[in-house]
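Worksheet: one structure, shown below.
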Amino acid sequence: MRSYYCGDVRSAQIGETVTLYGWVDRRRDHGFVIFLDLRDRTGTVQVVSDPDRTPKSHPVAEGVRNEYVIKVVGRVSKRPDESLNPKLATGEIEVYAEEIELLSAVRKQLPFQVSLSDTETVKEELRMKYRYLDLRRDRMSKNLQLRHSVVKAARRFLEDDENFIEVETPILTKSTPEGARDYILPSRVNPSEWYALPQSPQLFKQLLMVSGFDRYYQVARCFRDEDLRADRQPEFTQLDMEMSFLSQEEILDLNERLLCHIVKAVKGVDLPRPFPRLTYKEAMDRYGCDKPDTRYGMELVDLSDVLQNSGFKVFTDAVARGGIIKVLPVPGGNDAISNVRIKPGGDLFKEASEAGARGLAYIRVRENGEIDTIGAIKDNLTEDQKAEILKRTQAKAGDLLLFGAADAPTVNKTLDRLRQVIARELKLVDETKMNLLWVVEFPMFEWNADEKRFEALHHPFTRPYNEDAGDLTTARAQAYDIVLNGFEIGGGSLRIHEPELQAKVFETIGLSDEEANSKFGFLLEAFEYGAPPHGGLALGLDRLVMLLAGEESIRDTIAFPKTQQARCVLTSAPSGVDEKQLKELQVASTYRPKVKED
RNA sequence: GGGAUUGUAGUUCAACUGGUUAGAGCACCGCCCUGUCACGGCGGAAGUUGCGGGUUCGAAUCCCGUCAAUCCCGCCA
């Protein structure tokens, strides 16, 4: 029976005989005395063996190597004064190994070094192939333990303080239109029919409200068959919540307290409340995006009214066509950013054109309010216009002003990207900050020009503001996103609980009565039997943990993640299956490998 | 679907402008070492330079194709 975890042995145990289990993190053999660092997920402790004091264990210690699994029975001793190690939590003591039992040896060369003290970065492909070894290492072990602490704190808060109950919802469910591509599974019992894996428990949690489970939560796995990114995996986890009889204000308040509780529990930090709020419009105006990183300034400035009558054609045309002119001020940008990078061929120009911009105008602010730019702009600005530009941007000598002039979405997208790229490059991001904020008052719908129809910005069950319900196409939604340091870590909304209003929304997005009934009839019917007003929110657990851990990919918060090709290199999934399995499912593949032509 | 980066010993990296036998740290194996803690010393083994083709007297290096990992665009209510 283990008496302590390795990392937990302290001076208080001096004199005690203890039983420890773990992996050999490192072995230091002095020919006579041998030191072993014994490691488990809590840390390491120094085990000592020598032929005089521990004759029984010494021959075993000689044969032990890195990553062997051993059992140690020994006496905890105070280290000699000159051998104390203040770098280790267990550095005041060591364990004299009366007995060492070899439980499992390493038979093959390790694909990479596991030791806590190894600082080399290992290729991610290799880490994922031998994930079980990677998870032994300090970084990943800590990340998974942090993830556990976050979930634990959330459960304590929601269950113990707020009276939520966890309900599991189906993984085998129904494919729905709108939203991401579904993962689908064939039904053996019902040939030619298909389940879908849930993109989120959305409809079920609303049904649970109708059932009277007025405070529901779930640590819910969600599936979306879309291409991967550093912060997107095909399966991911939401901390999913739904509540009845609460206003938006009350839901936001509860979630602020939840997040504060989590951050306090895992970081020991008290976050200031209430969290700042931006409307969607403010966020787009000031940052050009709906999930702004407010750890640094460089807020966008609208100069449409000032420059629409300038002689510079690019500016005047943009406004004449209904577009806007905005500026991204870059403090100290004159020295940091060369003309070559802004002009065609440059990296910043490329960044802008990828966002849809056709050019990237600039002004360099010199001493005494002098401005330096291409002639076509300089010659066509009046002194008043120049003064107004400097006044609104509050630009100082040395600052660079980057201009976007086009339709509003393009300008915002362009300047948002440049703002992020430049802030990172100029080290304007305060990495110690945790800036949480709400974005509220999203529009209900967005026009999809390709499909010539309105699409729900959040999802089609989102409730409009009552005063906007007259014309839904321009209505604001009672929807909210929670943003942490420029990442959307969660979002939610008040829902519609009246069949009539829900039907109006379906109509607006071009979903016919028939379609609506076949896809969501069960929900609409449920609302006929006494549905409470309700709303909810889901937090992206992987992203939240990523940010708390200081990682740059959610793969580093997931025990067994997929590669960018959505493969598991550890198990080699996905893979072919037996013909027999396909036959049972009455499924055949239409896939034919591409034949190369010469 | 598209753009970019990377791929050399178990591993992390190096190898000039295409030029001798592709090197080093760590790991591994052997010997030595009484207090180390990323212990130290001596020695050893270890390579289809991702894979396939091409150019060349000669390719890790140049070209074409391909595979894999990563980042990004499209996509992700």
Side-chain angles (χ1 to χ4, degrees), chain A residues 25-38 44-53 58 65-67 77 79-88 90-91 94 106-130 133 176-182 199-200 202 222-234 236 347 350-351 353-356 413 417 420-421 442-446 448 450 454-462 477 479 488 491 493 505 509 511 540 552-553 555 562-565 567 569 594 596 598:
Chain A
D25 191 63
R26 242 162 222 282
R27 173 173 172 277
R28 290 176 295 279
D29 183 349
H30 291 247
F32 183 81
V33 64
I34 296 171
F35 300 100
L36 303 175
D37 292 335
L38 190 66
T44 64
V45 64
Q46 176 161 282
V47 173
V48 192
S49 179
D50 77 50
D52 288 348
R53 294 184 58 171
H58 193 258
R65 293 293 180 272
N66 287 351
E67 298 309 311
S77 307
R79 290 189 180 200
D81 286 343
E82 64 279 14
S83 296
L84 298 175
N85 186 346
K87 284 187 283 185
L88 276 180
T90 58
E94 57 196 356
V106 172
R107 294 149 209 277
K108 299 173 70 174
Q109 169 111 29
L110 291 160
F112 50 82
Q113 283 162 249
V114 174
S115 168
L116 288 183
S117 54
D118 187 43
T119 52
E120 277 183 349
T121 56
V122 179
K123 277 199 188 61
E124 197 167 358
E125 189 179 359
L126 203 63
R127 288 174 53 203
M128 287 201 275
K129 184 167 178 194
Y130 297 96
L133 293 179
T176 53
E178 301 277 310
R181 191 178 295 114
D182 284 320
Q199 296 180 25
S200 80
Q202 184 60 36
C222 305
F223 305 86
R224 293 178 190 177
D225 186 5
E226 297 291 348
D227 287 345
L228 287 75
R229 291 286 187 279
D231 63 350
R232 277 166 28 194
Q233 284 270 304
F236 61 100
D347 64 317
K350 198 178 157 214
E351 199 73 46
S353 57
E354 270 177 15
K413 193 173 172 189
R417 283 176 65 157
Q420 293 188 45
V421 168
F442 282 82
M444 284 285 285
F445 304 107
E446 221 173 21
N448 182 326
D450 293 338
F454 285 100
E455 280 180 339
L457 199 70
H458 190 60
H459 59 53
F461 316 107
T462 301
E488 180 199 324
S493 64
V505 168
I509 61 174
L511 201 66
E552 290 188 345
S553 164
R555 290 187 303 278
K562 305 282 189 289
T563 69
Q564 194 161 49
Q565 295 304 311
R567 305 195 64 90
V569 288
K594 271 186 211 154
K596 241 191 103 179
D598 281 325

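Scope of the values below: all heavy atoms of this structure, side chains included, with no hydrogens, waters or symmetry mates. Numbers restart at 1 for each chain; the letters A, B, ... are given by sequence-line order, proteins then strands.
- Separating the CG atom of A:Leu126 from the C1' atom of B:rU6 is a distance of 15 Å, rounded to the nearest angstrom.
- Rounding to the nearest 0.5 Å gives a distance of 6.5 Å between CD of A:Gln233 and CZ of A:Arg555.
- Heavy atoms of A:Lys413 sit under 4.0 angstrom from primed sugar atoms or phosphate atoms, though from no base atom.
- B:rC31 is paired with B:rG41 under the Watson-Crick or G-U wobble criterion, all donor-acceptor distances under 3.5 Å.
- A:Val122 comes within 4.0 angstrom of sugar-phosphate atoms only, judged by non-hydrogen atoms across all strands, and of no base.
- Residue-to-nucleotide contacts include no donor-acceptor pair under 3.5 Å from the side chain of A:Asp227 to the base of B:rC76.
- Counting to the nearest Å, the P atom of B:rG40 and the CZ atom of A:Phe35 are 14 Å from each other.
- Applying the Watson-Crick and G-U wobble criteria (two distances, each under 3.5 Å), B:rU5 pairs with B:rA69.
- Nearest heavy-atom pair, A:Pro234 versus A:Leu228, reported as atom, atom and distance to 0.1 Å: CD-CD2, 3.3 Å.
- Both A:Val569 and A:Glu226 lie near RNA chain B, and the one whose nearest nucleotide falls closer to the 5' end is A:Val569.
- At the heavy-atom level, A:Pro80 lies under 4.0 Å from base atoms of the strands shown.
- The separation between A:Glu67 atom CD and B:rU11 atom P is 16 Å, rounded to whole Å.
- If you check every strand for non-hydrogen atoms under 4.0 Å, A:Arg555 touches sugar and phosphate atoms only.
- Side chain A:Glu94 to base B:rG35: a donor-acceptor pair is found below 3.5 Å.
- At the heavy-atom level, A:Leu228 lies nowhere under 4.0 Å from the strands shown.
- Between A:Ala456 and A:Lys562, the one whose closest nucleotide on RNA chain B sits nearer the 5' end is A:Lys562.
- Comparing B:rA69, B:rC37, B:rA38 by their closest approach to the side chain of A:Gln565 singles out B:rA69.
- Note: CZ (A:Arg53) to C1' (B:rG35) measures 11 Å, nearest angstrom.
- For A:Gln46 and B:rU36, the shortest distance from a side-chain N or O to OP1 or OP2 is not below 4.0 Å.
- Around the NZ atom of A:Lys562, the shell of radius 6.0 Å holds more than 12 heavy atoms that belong to other residues, nucleotides or ligands.
- The distance between atom CZ of A:Arg567 and atom P of B:rC67, rounded to the nearest whole Å, is 13 Å.
- What separates NZ of A:Lys350 from C1' of B:rA4 is a distance of 7 Å, to the nearest Å.
- Of the side-chain N and O atoms in A:Thr121, none sit less than 4.0 angstrom from OP1 or OP2 of B:rU12.
- Contact annotation for A:Lys87: backbone-only contact, meaning every heavy-atom pair under 4.0 Å involves sugar-phosphate atoms and none involves a base.
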Would you mind building the protein contact string for nucleotides 23-34 of chain B? One character per nucleotide, 5' to 3', B for base within reach (heavy atoms under 4.0 Å), S for sugar-phosphate only, - for untouched. --BBBSSS--BB
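- No side-chain donor-acceptor contact under 3.5 Å links A:Thr90 to the backbone of A:Gln46.
- When rounded to the nearest whole Å, the span between CG of A:Leu36 and P of B:rC39 equals 12 Å.
- B:rG18 makes up no base pair with any nucleotide shown, lacking Watson-Crick or G-U wobble contacts both under 3.5 Å.
- In terms of heavy-atom proximity, A:Arg79 sits nearest to A:Gly91 at CD-O, 3.2 Å.
- In this structure, A:Asp227 does not pair ionically with A:Arg232, as no charged nitrogen and carboxylate oxygen lie closer than 4.0 Å.
- The pairing partner recorded for B:rA24 is B:rU12, the criterion being a Watson-Crick or G-U wobble arrangement whose two distances lie under 3.5 angstrom.
- At a cut-off of 3.5 angstrom, the base of B:rC37 holds at least one donor-acceptor pair with the side chain of A:Arg79.
- Within the 4.0 Å cut-off from OP1 or OP2 of B:rU8, at least one side-chain nitrogen or oxygen of A:Lys123 is found.
- At B:rU36, none of the side-chain N or O atoms of A:Arg28 fall inside 4.0 Å of OP1 or OP2 (strictly under the cut-off).
- For the pair A:Gln199 (side chain) and A:Ala180 (backbone), a donor-acceptor distance under 3.5 Å is present.
- Within 4.0 Å (heavy atoms only), A:Ser83 reaches at least one base atom of the nucleic acid.
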